[in-house]
Amino acid sequence: MNTELSPKYDPSAVETQAYRVWMEEGCFHADPARPGEAYSIVIPPPNVTGALHLGHAINATLQDILVRQHRMRGFNTLWIPGIDHAGIATQAVVEKQLKEQENKTRHDVGREGLVERIWKWKEQYGSRILEQLKRIGASCDWERTRFTLDDMCARAVRETFFKLFRDGLIYRGKRLVNWDTFLQTSISDDEIYHETVKTNLWHIRYEIVGKGAECAESAESTETTENKAGDERNSHETEQKPNLAKKDFSAPSAASALSAQSSNLEGELSSSRPSHMVVATTRPETLLADTAVAVHSQDARWNWAIGKSVRLPLTGRLIPIIADDILVDPKFGTGVVKVTPAHDPNDYAVWQRHQGQADAIDIFNLLTPDGRINSERPEWGKYAGLKRDAASKLVVEDLKSAGLLEKEEPYETQVGHSDRSKTPIEPYLSDQWFVKMAPLAEPALQAVREGKIKFHPERHAQQYLSWLGEKRDWPVSRQLWWGHRIPVWTKEVEAGDEFKKGATARRGKAAILQAKHGDVLEENGQVWGFARGLFSTETGKGYHAIALQGLDAETERILESDGYIQDPDVLDTWFSSALWPHSTLGWPQLTAELAKYYPTSVLVTGRDIITLWVARMVMMGMYNMGAANATTDDAGRITGVSPVQGARGVEEPRVAKDQSNPHGRDARDTVKGGTALNTTANFEIAESAPRGTMDDAGRITGVSPVPGARGVEESRLPNHQSNPHGRDARDTAEGARATASRLGLPFLDVAINPTILDGKGERMSKSKGNGVDPVDIIDSYGADALRFTLTKMATETQDARMPVKRDAAGRNTSEKFDEGRNFCNKLWNACRFALSNLENVRPTEDGATASNSSCKMDGATGSLADRWIVSRFNHAVGECDQALAAYRFDAYAKACYDFFWRDFCDWYVEAIKPAMKDPARAGQTGQVLATVLDGALRLMHPMVPFITETVWWRLNDVRPTRGLPSRLECTASPRLVLAAWPKLGPRDEAAERVFPKLQEIISAIRTLRNDHKVNTRQVVVVHFKADDDFSRDMEANREMIELLATCTLRAISADAAKIPNAAVASAGGCEIFVEGLIDPNAQKQRLAREVEEKTRLVDSLTSRLDNPAYTAKAPAQLVQQTRAQLTAAQADLAKAMEAIREL
RNA sequence: GGGCGAUUAACUCAGCGGUUAGAGUACCUGCCUUACACGCAGGGAGUCGGGGGUUCAAAUCCCUCAUCGCCCACCA
């Protein structure tokens, strides 16, 4: 290979070649059999909905930095790439395309047709995404690329669903869900965004109807029994009671109604009990499905009416007036709330709360799946079939003509919209599968609370904890066609619960009908399914449901030929994402990869999916991989599968809880607000815990490692389980890994990468049009430039703003990448220069040994510059190590930048030019140059891999042996990607003390030259007045000073005489006189500035020292330092003032 | 309503108890000094959002106000 570096840096040539070599040589491929501690990362799989933008690019870059650095550090490193099928999002995109291009809906093309189209989309965008990642330079193990919908993931999904199903953690229930009427599927809370919508608040009159005609009497009794507090107001009410009954309900005058209402609001002096209640709503059409109105039990305006009814407008149906102190805020509005359980989450909660109580209320589903008023109730006849807006309009009109519309006022409200279809969502009552969260969430909370998993920056743990702490059950079914189909087959059972009586007389799949509720189904000792009885409150029918454990087309066929039907729904896309860290490694098979690389080392992701994804991965990782299912060695590696303890171990803790709950209600199954799930709408019969036993014989592969008692116990009882040793097992890396492995944690660290915003502070996204395609940036700036800039932006302050503008080609771009490009260009050219110097110099003949002995870097004979740059390099190594260990990528980039550009290019390379031309010294300095260049390339490689790799090849050609093996590790490696990470070496304090002083005086001379407008090439004559030590240092480095300051040193001594007509400066603790620079004005200006500065400093230091508290309380060393500073500053000031006087 | 974060040079951001607050970009001056003009040398530029407090010492810690952003909940 010709390794010569082209004079002009051409990113695309460099990138193409380097990446091809890495791929051809399998540099990214991980082999679990190879030695080395494991370091593994799974990529957050990008959605296959479209191409990647800069948000993905920064995420990939940061992971690649970690992966490359650890690979160089000798870890057995694996980075798994992959893509997410992104269920609803992808289907929505394809459906939209279908509509736009062919004007068809999914129903026109059918399930298979649509899924086929989505697969095509997936092929197209999936490969585009992988291509983008490669262009960025991601060093993923492409042989292990996964897709959340591939067979490997599918097996993990089946296994997990099966386990949850068997363990009673999955149930089917009627729930009020967020319904996307366009896509006709439920969506999770997280897929909703709110938009402010201008609408009206309609005040509607509901006529109060007593039980029979005896309103007054019943009112009285209500008061006496229920009102213990609020006597004052009650006395009003009691006195006013007689006026109540006689009212014309049908058409009260507006005036009287208004006055009645307003006085009611004040709760005083109302002359009569109102004949009606006024409720306000933004959704008048939902009143059709009202099943109650609620008031606060302590609200004297209304509590007398509790137990009475109101006549529902337009339908005439009577609905009860109930008390609900949670729903109703008596201070808000009229104090009366209409209750539409099937169409409002709060109202649904009311319905739940009142279930089984004396004041239980009804629930009617109002809508059809496509968002129209349904025709389930005859009373809705006129409105049935109307969509939201039409129904609303008509209802309002009808209310108006019936005189029941009290008023109509403009109102702004937040309306939930589906993130996928961008249409308003409707609360909708439907059958869904749910995962119980409480038992899964608790251990996941614990893992973070106890620091087993650490967030970086730490504060992000809070979001995780607060979300998981709610333990809201997870609705996992989606009425979609793109995704993992729910692996449950059901068959109606005629005699209601016949399935419960079945017997497993025969083994084998033919015996499924005999399987009874709670049976583990097996054949030849191989478990294949689990049976459960379901009961539908809606149809009143019983169902036999079987969840399959694995992917087995044959079994599915048998089931289906037996009349079983697979559930049509698919799983929430996050279900498969939640398994990602272990499913990609082969689980449920116990693969070598799983044993070696799980738990993964770190998850790098954006903060927006901490709840959606991170939390669920922890839960499912712990559930599937936790504890007793595998034994581990001391380092936490899985060494084998322990005998599966069977379902019993899992059951026991659960059974204990269930016993208190004989009706199958699950008190743990709560929704927000502490309301227990009402279980009469729950399909599941769970009167006994699953009872299956699992055969542990004959399991080789393909059978799940089932969590045994221990893991589950731990997770169930976390609060009793304070760390007995009082110390965090993370004290050692090995301990951390062992703990994580035992608990099944998917990763040890979570590093949150910044969100990329545009110049206006808006989140970058395709749909907003402010998204930037990383490939566009790579095309115009280069991948390394992209990576450098993104790395530098990866600060702890999360939002990274990036002004975006449009380039000539109409692509989005950003000037932010100039910095990265400049850096890469500098890097290229500096390397080219260094290498051309090295080419011209013979390396010391006998290689490392000779050079090692001839170059005494920490002795006195090496040049100051040589010793200094090695020390600076070691400083940089320390900075980089520290930064990367703390996930401070910006600090890593800065350390590289400062070292390479400022120290190496600006000073070292300039300083050694004469030495490299001098055959007597070039050998030695060449070794240092080669060695430091070697180290710098290693240090920067994770961030800018292409350019460093390319230069590395050239360096290997030019200098196969660098020298200085004792300082910098120089293990021969033909490929930088596989070379060793630099070791932290010692600093050279003397060199780092003296060199900066030389820098100072050089800068001072340069400044004088500039101030006096001396021509760049004109050599000036300089005298120094300096102490003996520094005089010696300057003398020793005369060549460097003269070169870098373009000057000749005339006199250097402690008593150098003042030179007439010389420009004067002081720096590095000495006085500098530059001959022949006569520009009194410039000189005056400069001295005046210096006097001002020094005066300020002297004042500041003086006042500090004058403060007795300071000298008494501040550290002595600091005080001493301050004194020394003051002395120096005073001396400087005196000199400057004297110089002014002499002008 | 609850939580988190931000506010530092014209712009984008570091710094998070201790010298005269830094970088990149932009700007000004001079240089095409044969590695690099995507560069070199030099320079100007900030009462660290306002107010209070703690401390010998505050950009840094605490309180408060203002503005902006994000997350969660909710608005009948």
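Lettering of chains follows the sequences in order, A, B, ..., and the numbering in each one begins at 1.
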Engineer: Nearest of B:G5, B:G3, B:C40 to any side-chain atom of A:R459?
Structural biologist: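 The answer is B:G5.
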Engineer: Base, sugar-phosphate, or nothing: which does A:P1115 touch, judged by heavy atoms less than 4.0 Å apart?
Structural biologist: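 Counting heavy atoms under 4.0 Å across all strands, the contact made by A:P1115 includes a base.
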Engineer: Taking the six-membered ring for Trp and the full ring for Phe, Tyr or His, determine whether the centres of A:Y887 and A:H456 are under 6.0 Å apart.
Structural biologist: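 Ring centres of A:H456 and A:Y887 closer than 6.0 Å.
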Engineer: At under 4.0 Å between heavy atoms, what does A:R1104 touch on the DNA or RNA strands: base, sugar-phosphate, or nothing?
Structural biologist: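 If one applies the 4.0 Å heavy-atom cut-off, A:R1104 turns out to touch the sugar-phosphate alone, with no base involved.
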Engineer: Can you tell me if A:S1103 uses its side chain to pair, donor with acceptor, with the backbone of A:S1100 under 3.5 Å?
Structural biologist: yes
Engineer: Nearest whole Å is fine: how far is B:U20 C1' from A:Q1121 CD?
Structural biologist: 13 Å
Engineer: Does a side-chain N or O of A:S1100 approach OP1 or OP2 of B:U20 to a distance below 4.0 Å, or not?
Structural biologist: yes
Engineer: Remember a base hit wins even if backbone is also touched, and classify A:K1094 as base, sugar-phosphate or nothing at under 4.0 Å, heavy atoms.
Structural biologist: base
Engineer: With both distances under 3.5 angstrom, what nucleotide forms a Watson-Crick or G-U wobble pair with B:A45?
Structural biologist: none
Engineer: Report which part of the nucleic acid A:Y9 touches: base, sugar-phosphate, or nothing (heavy-atom distance under 4.0 Å, all strands).
Structural biologist: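 Nothing, no nucleic acid heavy atom in range.
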Engineer: Could you work out the separation of B:G3 and B:U64 based on their P atoms and round it to a whole Å?
Structural biologist: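 Here B:G3 and B:U64 have their P atoms 11 Å from each other.
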Engineer: Tell me which nucleotide among B:C38, B:A35, B:A41 gets nearest to the side chain of A:C905.
Structural biologist: B:A35
Engineer: Ignoring hydrogens and angles, does a donor from either the side chain of A:E796 or the base of B:A6 sit under 3.5 Å from an acceptor on the other?
Structural biologist: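 Side chain to base: no pair below 3.5 Å.
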Engineer: Without decimals, in angstroms, what is the distance between A:Q1117 CD and B:U19 P?
Structural biologist: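 Whole-Å distance recorded here is 13 Å.
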Engineer: Examine distances only and state if a side-chain atom of A:N840 and a backbone atom of A:S836 form a donor-acceptor pair shorter than 3.5 Å.
Structural biologist: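 Checking the backbone N and O of A:S836 against the side chain of A:N840, a donor-acceptor pair under 3.5 Å is found.
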Engineer: Distance check needed: B:C40 P versus A:K913 NZ, whole Å only.
Structural biologist: 11 Å
Engineer: How close or far is atom P of B:G5 from atom CG of A:D608, stated in whole angstroms?
Structural biologist: 18 Å
Engineer: What is the nucleic acid contact for A:Q1018, judged by heavy atoms within less than 4.0 Å: base, sugar-phosphate only, or nothing?
Structural biologist: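 Answer is nothing: A:Q1018 stays at 4.0 Å or more from every strand.
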Engineer: Hey, is the side chain of A:S1003 poking within less than 4.0 Å of OP1 or OP2 on B:G42, counting only N and O atoms?
Structural biologist: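 Checking B:G42 against A:S1003, a side-chain N or O does come within under 4.0 Å of OP1 or OP2.
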Engineer: For B:C40, give its Watson-Crick or G-U wobble partner with both distances under 3.5 Å, or none.
Structural biologist: B:G30
Engineer: Across the strands shown, which category fits A:N1107 at heavy-atom distances under 4.0 angstrom: base, sugar-phosphate, nothing?
Structural biologist: sugar-phosphate
Engineer: Looking only at the side chain of A:E1093 (C-beta and beyond, no hydrogens), which of the listed nucleotides B:U12, B:C56, B:U20 gets closest?
Structural biologist: B:U20
Engineer: If the plane angle is over 60° it's perpendicular, under 30° parallel, otherwise tilted; pick one for A:F823 and A:F788.
Structural biologist: parallel
Engineer: For B:A23, which nucleotide is its Watson-Crick or G-U wobble mate, given both distances must be under 3.5 Å?
Structural biologist: B:U12
Engineer: Determine which nucleotide pairs with B:A59, using a 3.5 Å limit on both distances of a Watson-Crick or G-U wobble pair.
Structural biologist: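 Pairing partner: none.
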Engineer: For atom C1', what is the distance between B:G42 and B:G49, given to the nearest Å?
Structural biologist: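 Result for the C1' pair: 33 Å, nearest Å.
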Engineer: Is the phosphate of B:C40 approached by A:R1017 (side-chain N or O, under 4.0 Å from OP1 or OP2)?
Structural biologist: no
Engineer: Give me the distance, rounded to whole Å, that separates B:C61 from B:C70 when you measure between the P atoms they each carry.
Structural biologist: 24 Å
Engineer: Do A:Y1110 and A:T1122 pair up side chain to side chain, a donor and an acceptor below 3.5 Å, judged on atom types alone?
Structural biologist: yes
Engineer: With a 3.5 angstrom cut-off on both distances, give the Watson-Crick or G-U wobble partner of B:A6, or none if there isn't one.
Structural biologist: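 Its partner is B:U67.
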Engineer: By nearest atom, which of the nucleotides B:C13, B:G42, B:C36 is closest to the A:K826 side chain?
Structural biologist: B:C36
Engineer: Measure from the side chain of A:R801, starting at C-beta and using heavy atoms only, and say which of B:G24, B:C13, B:A35 lies closest.
Structural biologist: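 Nearest to the side-chain atoms of A:R801, counting from C-beta on, is B:C13.
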Engineer: Measure from the side chain of A:T1016, starting at C-beta and using heavy atoms only, and say which of B:C56, B:C13, B:C31 lies closest.
Structural biologist: B:C31
Engineer: Among B:C56, B:C4, B:G24, which nucleotide sits nearest the side chain of A:Q462?
Structural biologist: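 The answer is B:C4, which lies nearest to the side chain.
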Engineer: Using atom P of each nucleotide, how far apart are B:A9 and B:G15 to the nearest Å?
Structural biologist: 15 Å
Engineer: Please report the distance separating the C1' of B:C27 from the corresponding atom of B:A45, rounded so that it comes out in whole Å.
Structural biologist: 9 Å
Engineer: Could you please name the option among B:C13, B:U55, B:A73 that lies closest to any side-chain atom of A:K1113?
Structural biologist: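 In terms of side-chain proximity for A:K1113, the closest of B:C13, B:U55, B:A73 is B:U55.
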Engineer: Should we say atom CD of A:E409 is surrounded by more than 12 heavy atoms from elsewhere, each under 6.0 Å from it?
Structural biologist: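 Yes, CD of A:E409 has more than 12 neighbouring heavy atoms, counting only those of other groups under 6.0 Å.
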Engineer: Is the backbone N or O of A:D784 less than 3.5 Å from a side-chain atom of A:R821, with the two atoms forming a donor-acceptor pair by type?
Structural biologist: no
Engineer: How would you label the contact of A:D344 with the nucleic acid (heavy atoms, under 4.0 Å): base, sugar-phosphate, or nothing?
Structural biologist: nothing
Engineer: Under 4.0 Å between any heavy atoms, over every strand shown, what does A:T1111 touch: base, sugar-phosphate, or nothing? Just pick one.
Structural biologist: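 Nothing, no heavy atom under 4.0 Å.
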Engineer: Which of the following nucleotides, B:C74, B:G42, B:G18, is nearest to the side chain of A:N346?
Structural biologist: B:C74
Engineer: What nucleic acid atoms does A:W901 come within less than 4.0 Å of, heavy atoms only: base, sugar-phosphate, or nothing?
Structural biologist: sugar-phosphate
Engineer: Considering every strand and a 4.0 Å limit on heavy-atom distances, what is the contact class for A:Q463: base, sugar-phosphate, or nothing?
Structural biologist: sugar-phosphate
Engineer: Side chains of A:N825 and A:N829 only: does a donor on one sit below 3.5 Å from an acceptor on the other?
Structural biologist: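 Looking only at side-chain atoms, A:N829 and A:N825 do form a donor-acceptor pair, the distance falling under 3.5 Å.
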Engineer: Which nucleotide, B:A35, B:U19, B:G24, lies nearest any side-chain atom of A:R902?
Structural biologist: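 So the side chain of A:R902 is nearest to B:G24.
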Engineer: Looking for any heavy atom pair under 4.0 Å, which part of the strands does A:D906 touch: base, sugar-phosphate only, or nothing?
Structural biologist: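 Counting heavy atoms under 4.0 Å across all strands, the contact made by A:D906 is with sugar-phosphate only.
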Engineer: Determine the interatomic distance between C1' on B:U25 and the same-named atom on B:C38; round to the nearest Å.
Structural biologist: 13 Å
Engineer: Distance check, P atoms only: B:G53 and B:U7, in whole angstrom units.
Structural biologist: 23 Å
Engineer: How is A:R1096 classified with respect to the nucleic acid when contacts are heavy atoms under 4.0 Å: base, sugar-phosphate, or nothing?
Structural biologist: nothing
Engineer: Taking only the side-chain nitrogens and oxygens of A:N829, find out if one of them lies under 4.0 Å from OP1 or OP2 of B:G39.
Structural biologist: no
Engineer: Does a distance-only test, which skips hydrogens and angles, find a donor-acceptor pair under 3.5 Å between the side chain of A:E815 and the base of B:U25?
Structural biologist: no
Engineer: Rounded to whole Å, please give me the gap between NZ in A:K792 and C1' in B:G22.
Structural biologist: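 Distance, rounded to whole Å: 11 Å.
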Engineer: Any side-chain N or O of A:T795 less than 4.0 Å from the OP1 or OP2 oxygen of B:C13?
Structural biologist: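 No, A:T795 has no side-chain N/O under 4.0 Å of OP1/OP2 on B:C13.
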Engineer: Enumerate donor-acceptor pairs with a distance under 3.5 Å from any side-chain N or O in residues 336-344 of chain A to protein atoms, sequence neighbours excluded.
Structural biologist:
| residue | atom | partner | partner atom | Å |
| --- | --- | --- | --- | --- |
| A:K338 | NZ | A:T286 | OG1 | 2.6 |
| A:K338 | NZ | A:D290 | OD1 | 3.1 |
| A:K338 | NZ | A:T340 | OG1 | 3.1 |
| A:T340 | OG1 | A:D290 | OD1 | 2.6 |
| A:H343 | NE2 | A:E426 | OE1 | 2.7 |
| A:D344 | OD1 | A:N346 | N | 2.7 |
| A:D344 | OD1 | A:D347 | N | 3.1 |

Engineer: Check whether the side chains of A:T1046 and A:R1017 place a donor and an acceptor atom closer than 3.5 Å, and report yes or no.
Structural biologist: no
Engineer: Taking the same atom, C1', in B:A10 and in B:A66, what whole-Å distance lies between them?
Structural biologist: 23 Å
